[in-house]
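Let me begin by presenting the structure, written as structure tokens, before commenting on it.
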Amino acid sequence: MNHEDEIKNNSEVTIKADTTDKVEMKTKNKNDLKEQEQEVKIDNIGDQDKNKNGLDEKWPEPIVRVQSLAESNLTTFPDSYIKPPSQRPQTTTVNYQPEPDAINIPVVDLDSLFSGNEDDKERVSEACREFGFFQVINHGVKPELMDAAREAWRMFFNLPIEAKEVYSNSPKTYEGYGSRLGVEKGAILDWNDYYFLHFLPLFLKDLNKWPSLPSNIRELMDEYGEELVKLGERLMKVLSSNLGLKEEQLQEAFGGEDVGACMRVNYYPKCPRPELALGLSPHSDPGGITILLPDDQVVGLQVRHGDTWITVNPLPHAFIIISNSIYKSSEHRVIVNSQKERVSLAFFYNPKSDIPIQPMQQLVSSSNPPLYPPMTFDQYRLFIRTQGPRGKSYVESHVSPRYTSENVPFS
Ligand code: OGA
Ligand code: NI
């Protein structure tokens, strides 16, 4: 497909926005296994520094492909996927088909927004503050490219198992074909397989780690990555100016040209007991903005809104984005069903991974101090990579008592 071919489309995109601007982490010390606070160091952990990130080459238990389980005519549902009752979906019947008229998350026309429509800008602002999720239409990414990308990945997951195992991943970098998130032995697992790959920074983009089949998948994903980085840049401008900052400021704080971009393709096989399991446990994404392309035929994504979980209706050609503190970093999860598998592409637009992430100086004051001490994205992401998806426990446990209104390092 041709990049210059600037066509407008009426497709819809789901947006959730996340500026992970202030975080502190606690991590398990590998040697004494005691929870201890880890000092903020700027240069110690990361994909760039694979030997020092503290994660092993091996998973703690043999990997079981969920897709193989789903296709094996199980007589009993495996215990390792049964969530404790309080965490189950709470619905006995899951209708997997989208209901276009059902309540949905806010919809924003990006084309209109960029033509100067203040109402659209305000709608994004409100969605980020109240919800942390919204959908965008007229986003500039061609619907054919979106469909082709999703279908290429569906074909990949439908390849024989041997063709996929070549790309089997490890907790060290997570790149490749995987079936769990987190390295805790005996953890209750999620009902999905996935594929994780890097687009940016360029030194992490390694086409040999992308699947070679179907034959067009590398080329397609290359184009998809370029288009989504462009969309990410445009969205950053909106969020930045909505925060009262200069348009370029958020992007600059993310490292300017050196932002990160990676993608997790999720494959949720049919599940014989969807009322006992989850496709993806509650979590908030660790990065900057997530642009999610959901399956347009199968629902599954739910967003927490207060005490309820709202099922997102996948409007044709939709994506997703998140935020923090002023902007909500929304907790979300995925439910599964027994009728139809589901494929989604979560594209993560992230800050440069080794720079300290902290609030913009203009946004903090003695009456509105930072909630968390600075840390790097590499450090923050280590949580989900070791402990797996655990709601918002990472963020919540890091609110620092050291940062009170009397003790503000940035004011
Ligand atoms: C994710 C995610 C949602 C989905 O990959 O982080 O939240 O709909 N995916 O698959
Ligand atoms: Ni997510």
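It should be emphasised that the depicted structure is a prediction, and the values quoted were computed from it without experimental measurement. In listed order, ligands and their atoms are each counted from 1. Along the sequence shown, residues are numbered consecutively beginning with 1.
- Under the 4.0 Å criterion applied to side-chain N and carboxylate O atoms, K205 and D222 are assigned as salt-bridge partners.
- Taking every non-hydrogen atom of R264 and a distance limit under 4.0 Å, the qualifying atoms of ligand 1 come out as 5 (O).
- Within 6.0 Å of atom NZ in K83, more than 12 heavy atoms from other residues, nucleotides or ligands are found, so the atom counts as buried in its surroundings.
- Here is the list of ligand 1 atoms found below 4.0 Å of a heavy atom in L280: 1 (C), 2 (C), 5 (O), 7 (O), 9 (N).
- Less than 4.0 angstrom separates some heavy atom of N266 from each of these atoms of ligand 1: 5 (O), 9 (N), 10 (O).
- Centroid-to-centroid, the aromatic rings of F347 and F199 come within less than 6.0 Å.
- Under a 4.0 Å N-O distance rule, the pair R390/E184 qualifies as a salt bridge.
- For Y194, no heavy-atom contact with ligand 1 is shorter than 4.0 Å.
- When the N, O or S atoms of D285 are ranked by distance to the Ni ion (ligand 2), OD1 comes first.
- Residue R342 has at least one heavy-atom neighbour below 4.0 Å for each of these atoms of ligand 1: 4 (C), 8 (O), 10 (O).
- Within the 4.0 Å heavy-atom criterion, neither part of F196 lies near ligand 1.
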Trace of the side chain to side chain contact (heavy atoms under 4.5 Å, CB included) decision for V334 with L278
CA-CA 6 Å; V334 177; L278 283 174; over 6 Å; no
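- Taking every heavy atom of D285 and a limit of under 4.0 angstrom, the matching atoms of ligand 1 come to 6 (O).
- Remark: R154 engages E151 in a salt bridge, criterion side-chain N to carboxylate O under 4.0 Å.
- Checked against a 6.0 Å centroid threshold, the rings of F133 and H332 count as neighbours.
- Residue V334 approaches ligand 1 through these ligand atoms, each under 4.0 Å from one of its heavy atoms: 3 (C), 4 (C), 8 (O), 10 (O).
- The contact set between ligand 1 and A346, taken as ligand atoms under 4.0 Å from a residue heavy atom, comprises 1 (C), 5 (O).
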